[in-house]
Structure formats: C-alpha cells, structure tokens
Enquirer: 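Just dropping this structure here.
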Protein chains: 2
Amino acid sequence: MSDPRSADEPRSPLAHRVPDLGALELLLAVARLGSLGRAAREVGITQPAASSRIRSMERMLGVALVERSPRGSRLTDAGALVTDWARRVVEAAEAFDAGTQALRGRRDSRLRVAASMTIAEYLLPGWLIALRGLLPGTAVSLLAGNSAAVADRLRAGEADLGFVEGLDVPAGLDGAVIGHDRLAVVVAPSHAWARRRAPLSPAELAATPLILRERGSGTRQVLDAALAGHGGLAAPLLELASTTAVKAAVVSGAGPSVLSELAVGEELAARRLVEIPVAVRLRRDLRAVWPLGQRPAGPARELLSLTRG
Amino acid sequence: MSDPRSADEPRSPLAHRVPDLGALELLLAVARLGSLGRAAREVGITQPAASSRIRSMERMLGVALVERSPRGSRLTDAGALVTDWARRVVEAAEAFDAGTQALRGRRDSRLRVAASMTIAEYLLPGWLIALRGLLPGTAVSLLAGNSAAVADRLRAGEADLGFVEGLDVPAGLDGAVIGHDRLAVVVAPSHAWARRRAPLSPAELAATPLILRERGSGTRQVLDAALAGHGGLAAPLLELASTTAVKAAVVSGAGPSVLSELAVGEELAARRLVEIPVAVRLRRDLRAVWPLGQRPAGPARELLSLTRG
DNA sequence: ATGAGGGCATAAGCTGGGTTTATGAGCGAT
DNA sequence: ATCGCTCATAAACCCAGCTTATGCCCTCAT
C-alpha cells in the first residue's frame, strides 16, 4: 500500500526560508561575542562576509536581528528570540554530526559502542556530545542493531560497551540499568480516544487492534508481556517495518499505537500525537552491557558514567 | 567580565560536516518515497540533481545512505539512522521557520499573539506548526515581551490571545491555566552538588548564592515566593541579563542556578547540566489570557485548544 | 523475445550566493 | 589629532549545485 498522507503537501522548500547552518552558527557567535568581526574570526571568515551574511539573513527573515554600532553589535529583541530558535537547530545539527561521525568510525577507534536502534537514535548522540566535552579527541565508532547483534559484538570482543533495551540481560554479558523507557499509547488528535477523560483499562487496550512494528521488536515484546494477564494482545491493525512508518500511520489517523516515549516526544510536544493514559505499567529497562567480568574502563567507563543520572 | 568558556574551542565549522537543510529534506523525501527521482520531483529539483546531492552527502559523511537499484532506492541501515537524526534537524528548522514567520507577521494578521519570552521561545513554535495543520494559511503575528507588555497589548486590542507564566492573572484580563512550568535547580556536572544523594532542603537552597536573572524576572519571583518561609533568598552570586547567559555561566561551572525546565531540557539530556532534587515545590502556572469577557473565537480559539493537553 | 517505462548515472555548461581583498567612514579613548 | 576598534560598500572571483541531454540497466507486459 502506498503512503497514506493527508494534508502536508503544498509546502515550499524549507531551505528557502531558513538560513543555512553556517549563518545560524554565525548568528550564535555574534550573540555570544557582541561583534560581527569577532564572530567572523571565530567561524573562520572575514568581517565583510559576516556582515553580508547577517544582512542577507535579515532580508530573508524580514526582521532586524542585530543592532550595529561603532562599538559593536547587540541582538535586537527579535534577534534574541531568533537566536534561541537557531540554537535549537544548531544543537540538532551537532547531534547529527556526533552520530554520523561515530557511524563512520573505524574498528580501531578508541571506543567501540554497540547499541540498539532506539538508544542509538535518541540517546547516543547526546551522550557522545557530552563525552566529547570530557574526553576531546576520542574516536568513537557505533554499530546499531538489535539486542542479539549487540550481544554478539560484545562477546566477540568487537565492541567495548553496549546498550540495549529489553526485559533481561543477554546471556554471557554483565550489565547495569541506566534508565527506563516508558511505552506510551498514542493516537492522532482527531481520534475518539483523544477526547476520553478516563484512563484506558488494560483490557480495553489489549482488545484494540493496534498499529505495531513487526513481530520481534522490543516494544512489542514488552507490550505482549504487560497485557498477557488481560486477555492478550489483539491481532494488529497494521504491521509496519519501521518506527517511523508506524508514527506516520498514527499521525495520519489510521489508528492507535504503542510507542516508546523517546520516539514520540517531538510529536507529543507539537500535538501531532496525543498520549492516552492507561492503567498499566508499560516500562522497560535501558541497560548498559559488557562482557562478563570485564568492567568497562577508560573511555567506556567515562561514557557509562555519563549515561546514569 | 568576558565570557568564561572552557574547552569547546577547537571545533571546525559544523556546516562543513553536516549537509545543508535542502539535502536533509531530500533525504527524508527519498526515505518516504523510495525513489531518488520522485524525491527530486517533490523537492522541486531534477533527478540528476538529487542523485548528485545524495552522493555528495554520502561522500561528506563517509557512509552509504541509499541502496540504489533499477527498481528504486531504499535506505541502508546506516541511512535509516542518519535519516532519523536528519529528521530532528529538519523539525528544529521547521520550528525556526514557524517562529520567524510569526515574528515578521504584520498587524493585520488573522491571529495576533502576545507571549512571554519563555513561552514564545520554547512552546509557541510547536503550537504554530500544529495550528498550520488545522488552519493552513492562517497568518499569525507574534509579539514577545514580559507579562506587563502582554497585558497591555491585549487591553489595547492589539492582540487576540496572550500567554504568560506567573503567579496570577494580570488585572483586566481573563485566563485559563494551560500547563505548568517546573523550576529546576541545576549545576554543572563537575559541581559538588552533582554527587549528592539526598535532596536539597529548602533552607539550604535559600542560603546558597545563586546565578540568577536580574530582579523582575518571572523565575525569580516564583523562587522568592517559594523560599520566603525558609529564610529568604540569599544575595545572588551573579545577576545576568538573559536566560542564555545564566545557562552559559552554570555550564561553565560558575555555580548553581534555578531555571525553567523548559530552558534546560536540552542541557539536561546532553548532561551539560545536572538537576538537583529539592524538597520544595517550584512550579508556576502557564496561562492563556484574553481581555475580560471576550472569550477567544476563530483562530484564537483553535490555538487555545491546541495548547491544552 | 522484445519493446516500453521507470530508475539511476554521467557529462557539459551555466548561474548565483558567498567569499576575499581593498577601501572608507563613524565613534571613543589616548 | 590620531590610533584603534567598529561596520559598510565595491569589485572580482570561485565553486557548489542546478539544468539539459543522454545512456545503461532492469522489470514487466505484450
């Protein structure tokens, strides 16, 4: 079946209405340093280039961002707001960079990490940025896969530290719980459940056909276990290959789903999805794991310590 | 005093290691449509342009993202991960776009919003994106200022809907609580408090000199009120002009501060800051406000309904 | 089999945004 | 006055990314 999309078609390319990353970084530098020239030097361009870049950004946005004076430049009120929004874009880009850098890391990296998809996707980039603050220059390589693949890598000595979500520690490994992941029942805002007042009962949830990832996913295991005593999970409404596909289907109103809160944070904040309270505990542990008896040392130890509150 | 920065100097420009927004959007389109050519059409370029753009992105990242075949293109495993990180960058860019678009909105917009800085910064862009889903084409203008300025605008009939955080509803206005904002005690990970096990007592917090925004900020009011019964707030360690400046000082280890959880979410996730539990309730209401007796209608009503869980 | 159609790659040429260098002008401190 | 900082303007340049034109590969239907 083709992608069931609804009403986000007629949107002109974002890149024409949002300055590029270089310009946003420059703006942050101006905000921090209080001078176009100094900001230019920091980002490695000349002062006229910075001047023109900021000016063209102001033209693009239709708002004056910086107040120039012969003694320096300060942000306007609007500029301060824009800068804060810009900071969030740059931070997302930094996470992107940290992630992709680890992804292309070679086997001789000083720290080889293996992680489940969910953790690699949502948590690891942040940890890597933090790690860079503590141990600058540490080359990190990342391999993402399911729990079994992570366990294999560790047992084979091809990774120094692993991260998995799930109900138990894989055989042959030691581990420590570093956090929890709550599963959330979500629907599109237009769904009838979004107007409920009472929490969903476990039996109701179990009896409702859901949009789920295909059998074998960690999410589905937890859901199965939690609802075993309530009649068991109904046959899925849809089975899709990726979390992204599931989210897209839910957003478009195809039905309810149960997804990690990590995966739906943005959608909930932007009200593209609504969470429905449910009277059952849907949690799973997030674990750091390593080969039995080999407590993490060096960079692995450092990363591990970062991941615990 | 100059900016006390520590160890994030030798970082080459992000823009050289992260593809531009156009390329990221293209990658998302490829992921969704399963074909370079179709993705190219969607973003308004030709197929060879898309081909070359994806290729140069793969060269930049050093990772194969797309598996080409004569029947279409699918993401590689690494490509799926990269695409998810890219999605977060694009979403941040969309929030940026929604915000700046409102910021330059003229007075004749169909919906004129006035909001406090914190709300304008962290919540409003998401609401505007959601609103665009419900009422496409609605021109929104945004004015950001403190509570008094928001109230003035509404009373003068120059805004249709306002958002403020604070302890009470400004005189002459009606309002509804739409959510809460918790204040968090935060320190740098290197600070001694980060290794505490017991929660902070209110008296301890009150007695400790903090890094705060200048007198008059909403955050400071709430803090003053909450600690009034515990000996009153100690003289500040530092008084800075913007939330950003406060955060930078705390991150660099200058001392503890108390900030909105909205303002420190990213920093906590990336472990640049650590939250210290404290045995006192530090909450303030987030309110939508409007002129007495004039219940919001039309787009204002729609936006209001979006902001309540 | 064989041709049509969809999908991707390559090549050549163009264009424009962003860059640099060079210069000038405003303001403050010495 | 004069230096030293700031930012703006002008002219020349360069390259990333675009388009158009073409070719190859594979699959599917006739």
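Protein chains get the first letters and strands the later ones, always in sequence-line order, with residue 1 at the start of each.
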Enquirer: Do we see a donor-acceptor contact under 3.5 Å between the side chains of Asn146(A) and Ser116(A)?
Expert: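 No donor-acceptor contact under 3.5 Å links the two side chains.
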Enquirer: Once side-chain contact (heavy atoms from CB on, under 4.5 Å) is applied, do any residues pair with Ile129(A), and if so which ones, sequence neighbours excluded?
Expert: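 In terms of side-chain contact (heavy atoms from CB on, under 4.5 Å), with neighbours along the sequence ignored, Ile129(A) is linked to Glu94(A), Ala95(A), Ala98(A), Arg132(A), Arg272(B).
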Enquirer: Answer yes or no: is there a side-chain heavy-atom contact under 4.5 Å between Val30(B) and Val66(B)?
Expert: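 With C-beta onward as the side chain, the pair touches.
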Enquirer: State whether a side-chain donor-acceptor pair under 3.5 Å links Arg213(B) with Thr243(B).
Expert: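 A donor-acceptor contact under 3.5 Å links the two side chains.
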Enquirer: For Thr46(B), answer base if it contacts any base atom (sugar-phosphate contacts may also be present), sugar-phosphate if it contacts only those atoms, and nothing otherwise; contact means non-hydrogen atoms under 4.0 Å.
Expert: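 Base contact - Thr46(B) has a heavy atom under 4.0 Å of at least one base atom.
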Enquirer: Taking side chain as C-beta onward, heavy atoms only, is Leu26(B) less than 4.5 Å from Ile54(B)?
Expert: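 Result yes, sub-4.5 Å side-chain heavy-atom pair found.
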Enquirer: Who pairs with Ala23(A) by side-chain contact (heavy atoms from CB on, under 4.5 Å), at least two apart in sequence or on another chain?
Expert: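 Counting only residues at least two positions away or on another chain, Ala23(A) forms a side-chain contact (heavy atoms from CB on, under 4.5 Å) with Pro19(A), Asp20(A), Arg53(A), Met57(A).
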Enquirer: Pull out every residue in residues 47-55 of chain A that has a heavy atom closer than 4.0 Å to any atom of DNA chain D, ordered by number, or say none.
Expert: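 Correct list: Gln47(A), Pro48(A), Ser51(A), Arg55(A).
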Enquirer: Strictly by side-chain hydrogen bond (donor to acceptor under 3.5 Å, both in side chains), give each pair with a member in residues 64-81 of chain B just once, sequence neighbours left out.
Expert: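 Non-adjacent pairs meeting side-chain hydrogen bond (donor to acceptor under 3.5 Å, both in side chains): Glu58(B)-Arg68(B).
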Enquirer: Using chain A heavy atoms and a threshold of under 4.0 Å, write down where along DNA chain D the contacts begin and end, 5' to 3'.
Expert: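 The protein-touched segment is dT6(D) to dT9(D).
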Enquirer: Send over the distance from Leu26(B) CG to dC8(C) P, rounded to a whole Å.
Expert: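 My rounded result for the distance is 11 Å.
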Enquirer: I'd like to check Glu267(A) versus Val250(A) (side-chain heavy atoms, cut-off strictly below 4.5 Å). Are they in contact?
Expert: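 Sidechains of Val250(A) and Glu267(A): no contact.
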Enquirer: Under a 4.0 Å heavy-atom cut-off, which of residues 57-72 of chain B touch DNA chain D?
Expert: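 Going residue by residue through residues 57-72 of chain B, the ones with a heavy atom under 4.0 Å of DNA chain D turn out to be Pro70(B), Arg71(B).
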Enquirer: Is there side-chain contact between Val113(A) and Leu111(A), with heavy atoms separated by less than 4.5 Å?
Expert: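 The answer is yes, as the side chains (C-beta and beyond) meet within the 4.5 Å cut-off.
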Enquirer: Which value, rounded to the nearest 0.5 Å, describes the distance between Leu273(A) atom CG and Leu259(A) atom CG?
Expert: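 Leu273(A) CG to Leu259(A) CG: 8.0 Å, rounded to 0.5 Å.
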